[in-house]
2 protein chains.
Amino acid sequence: MTARSRSAPESPVGADEDELLPRGQRKQRTRDALIDAALQLMNEGRSFNSLGLREITRVAGVVPTSFYRHFKDTNELGLVLVEESGLTLRRMLREARRAGAPVKDMIRRSVQVYKAFVLSNRLHFLFVAGERSGGSPVIRSAIRNEVDQFIDEMTSDLRHLAIFPKLSPESLRMVCELVVNTMLHAATDILDLPPGDQALAKLQEDNHVHQVRLIFLGAQLWRDEAN
Amino acid sequence: MTARSRSAPESPVGADEDELLPRGQRKQRTRDALIDAALQLMNEGRSFNSLGLREITRVAGVVPTSFYRHFKDTNELGLVLVEESGLTLRRMLREARRAGAPVKDMIRRSVQVYKAFVLSNRLHFLFVAGERSGGSPVIRSAIRNEVDQFIDEMTSDLRHLAIFPKLSPESLRMVCELVVNTMLHAATDILDLPPGDQALAKLQEDNHVHQVRLIFLGAQLWRDEAN
DNA sequence: TTTTTCAGTGAACAGTTGTTGACAATCGAA
DNA sequence: TTCGATTGTCAACAACTGTTCACTGAAAAA
């Protein structure tokens with residue numbers, strides 16, 4: 001497991017009981033503090049691309065030179081974030097797989113589960129959505145890889161569920177790509193929506209549900225021979 | 001017309017015959033140089049958010065203090081870029097309107113025209129696609145406004161063309177939103193594709209065509225009463 | 001025990017950043 | 001022609017950036 005524990009995301013580096021940890025864990029801890037610092041800065045409206053090394057270490061509560069003990073670059077930290085976000089995406093897929101296909105109102109339920117998942121993994125989705133087309137070229141292509149992989153897994157899942165038995169593998173993948181892009185964009189909507197406005201949230205949810213329903217409707221009627 | 005002429009996009013500021021211009025045009029000219037400098041930097045892989053004031057003036061061939069004669073902020077320059085990009089989007093819509101609905105293989109032709117338009121307005125699409133979910137909050141929301149407006153106009157156009165006569169205005173807008181998001185993401189693909197690879201370009205085009213076809217297929221079968 | 005490894009520190013560097021104020025040149029109106 | 005307005009320049013500023021080096025202290029290895 002590569003994921004971090006991150007029990008207290010905002011504390012610089014555990015100022016409490018800390019000296020009693022073995023060296024490896026101590027290192028891991030400030031490494032996490034650096035990563036969390038970057039995420040925290042993004043949570044305040046900054047884009048990863050514009051984060052400075054010193055800025056990150058300041059929030060992490062560490063001296064700037066320490067950064068180099070863990071990453072050679074801010075870009076390298078970014079790549080770690082891509083990897084983490086990839087894990088988050090796959091965890092989502094795994095949970096969806098475990099839950100199985102709900103028979104009644106499947107799409108609406110999926111959208112609701114997705115929304116909850118986005119909100120409880122806010123920082124990763126913020127990062128992915130933000131840097132997917134904006135960030136530095138190397139990070140952008142890393143994210144693209146991760147998303148492509150995600151689409152592949154989703155394609156395989158839908159294939160085994162046999163929801164669209166008439167679709168060729170290529171067409172099924174095309175459908176999944178459409179859904180993933182739509183929902184990844186929806187994540188931006190979800191994260192930007194001011195909390196508390198129940199009515200607006202409902203409108204937004206309906207919108208997302210309708211879009212996915214329309215895609216699925218199209219997918220059910222798709223004929224490969226005609227394309 | 002707010003659009004700039006930009007005959008020689010890379011030259012700092014016309015080092016040639018220039019002194020003989022009236023003051024207003026001279027001002028406009030360095031203003032354009034600043035805007036073009038920002039676009040040029042983005043064309044080299046940078047994100048707008050990370051551009052510095054001095055960096056922009058350096059490329060524009062102007063002293064840093066001159067910047068303040070035109071914009072109070074880099075953010076203000078960004079907002080001008082949003083406006084320009086909005087004009088570009090509407091120009092696209094206007095041309096599509098003028099061309100009318102091609103009867104044969106309408107979607108494929110539209111995708112091809114779109115691709116050509118993206119490539120010949122590379123910088124604006126680069127900016128919009130990049131800052132739509134990545135950039136600073138104020139620019140992001142400005143872009144959202146522009147795109148929303150674009151979706152509205154497209155909805156109105158499709159309404160008058162009566163391609164989907166059974167759809168309610170709300171559903172038609174939902175379809176347009178889906179198409180616009182899909183094609184705006186497609187712009188990233190198009191711009192990232194290394195030029196020259198004919199086979200890959202064909203694959204990409206087919207992919208985009210299929211996605212839009214699937215959406216339209218779903219839209220034709222959509223029943224409002226069931227949703 | 002002694003020795004080695006290594007995460008974190010502190011001071012210093014050259015370079016860059018955004019912003020200021022005073023100044024020069026010149027266009028356009030009086 | 002005179003004069004105010006305005007565009008661009010120059011010099012300077014404090015603050016900040018990424019990166020280096022030598023150093024400390026403690027955990028791990030011998």
Side-chain angles (χ1 to χ4, degrees), chain A residues 4 11-38 41 44 46-80 135-136 138-139, chain B residues 4 11-38 41 44 46-80 135-136 138-139:
Chain A
R4 294 161 293 117
S11 72
V13 69
D16 304 330
E17 63 262 285
D18 195 23
E19 354 276 272
L20 37 94
L21 285 174
R23 187 137 79 176
Q25 290 189 32
R26 242 170 106 67
K27 171 165 185 176
Q28 187 70 239
R29 192 173 267 233
T30 71
R31 198 183 120 109
D32 291 355
L34 289 170
I35 297 178
D36 287 336
L41 283 167
E44 290 161 8
R46 312 280 315 278
S47 83
F48 177 80
N49 215 334
S50 68
L51 298 184
L53 182 151
R54 284 183 111 105
E55 199 176 1
I56 294 175
T57 59
R58 199 180 308 129
V59 173
V62 177
V63 99
T65 22
S66 267
F67 188 91
Y68 297 104
R69 303 283 185 209
H70 304 274
F71 314 98
K72 72 174 230 290
D73 239 7
T74 46
N75 246 329
E76 196 173 288
L77 192 158
L79 291 180
V80 172
S136 85
V138 39
I139 287 191
Chain B
R4 294 160 293 117
S11 73
V13 69
D16 304 331
E17 62 263 282
D18 195 24
E19 354 276 273
L20 38 95
L21 285 173
R23 186 137 79 178
Q25 290 188 32
R26 241 170 106 69
K27 170 165 187 177
Q28 188 70 239
R29 191 173 268 232
T30 71
R31 198 184 121 109
D32 292 354
L34 289 170
I35 296 178
D36 287 337
L41 283 166
E44 291 161 6
R46 310 280 315 277
S47 82
F48 177 79
N49 215 329
S50 68
L51 297 184
L53 181 152
R54 286 184 110 104
E55 198 176 3
I56 294 175
T57 58
R58 200 178 308 129
V59 173
V62 178
V63 96
T65 23
S66 267
F67 188 91
Y68 297 104
R69 303 287 185 204
H70 305 274
F71 315 98
K72 72 174 227 290
D73 240 9
T74 47
N75 246 330
E76 197 172 287
L77 193 157
L79 291 180
V80 172
S136 85
V138 39
I139 287 191

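Atom set for the values below is all heavy atoms of this structure, side chains included, hydrogens, waters and symmetry mates excluded. A, B, ... follow the sequence lines: proteins, then strands. Residue 1 opens every chain.
Side-chain N/O atoms of A:T30 include one lying less than 4.0 angstrom from OP1 or OP2 on C:dG8.
For the strand DNA chain C, secondary-structure stems (runs of at least three Watson-Crick or G-U pairs, all distances below 3.5 Å) span C:2-29 with D:2-29.
Rounded to a whole Å, the CZ atom of B:R29 is 14 Å from the P atom of C:dC27. The CZ-P distance, from A:R31 to C:dA7, rounds to 12 Å in whole Å. To the nearest angstrom, P of C:dA7 lies 12 Å from CZ of A:F71. The distance between atom CG of B:L34 and atom P of D:dT7, rounded to the nearest whole Å, is 13 Å. In this structure, A:H70 atom NE2 and C:dC6 atom P are separated by 13 Å, rounded to whole Å. Computed from coordinates, the B:Q28 CD to C:dC27 P distance equals 18 Å when rounded to whole Å. Distance A:I56 CD1 to D:dG18 P: 8 Å, rounded to the nearest Å. D:dT17 atom P lies 11 Å from atom CG of A:L51, rounded to whole Å.
Toward the 5′ end of DNA chain D lies the nearest nucleotide of B:S66, the other residue of the pair A:E55 and B:S66 mapping further downstream. Take the nearest nucleotide of DNA chain C for A:R54 and for A:V63: the residue whose nucleotide is more 5' is A:V63.
Comparing D:dT19, C:dG8, C:dT16 by their closest approach to the side chain of A:L53 singles out D:dT19. Closest to the side chain of B:P64, out of C:dT19, D:dG8, C:dA7, is C:dT19. With D:dA28, D:dT9, D:dT17 as the choices, the nucleotide that has an atom nearest any side-chain atom of A:P22 turns out to be D:dA28. For B:R58, the side-chain atoms get nearest to C:dT16 when compared with the rest of D:dT17, D:dG8, C:dT16.
Residues B:Q28 and B:R31 meet the side-chain proximity criterion, which asks for heavy atoms closer than 4.5 Å.
For B:S136, the side chain to side chain contact (heavy atoms under 4.5 Å, CB included) partners at least two apart in sequence or on another chain are B:N49, B:N75, B:V138, B:I139.
Shortest non-hydrogen contact noted between B:G78 and B:F48 is CA-CZ, 3.4 Å. What you find for B:A60 and B:L34 is that their closest heavy atoms are CB-CD2, 3.8 Å.
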Atom pairs and distances, donor-acceptor, side-chain atoms in residues 63-74 of chain A, under 3.5 Å, two or more places apart:
residue, atom, partner, partner atom, Å
A:H70, NE2, A:T30, OG1, 3.1

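Listed by first and then second residue, the salt bridge (Lys or Arg N to Asp or Glu O under 4.0 Å) pairs that reach into residues 51-61 of chain A are A:R46-A:E55, sequence neighbours excluded.
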Query raised in the report: What does nucleotides 20-25 of chain D look like as a protein-contact string, B for base, S for sugar-phosphate only, - for none, at under 4.0 angstrom between heavy atoms?
Result: BB----
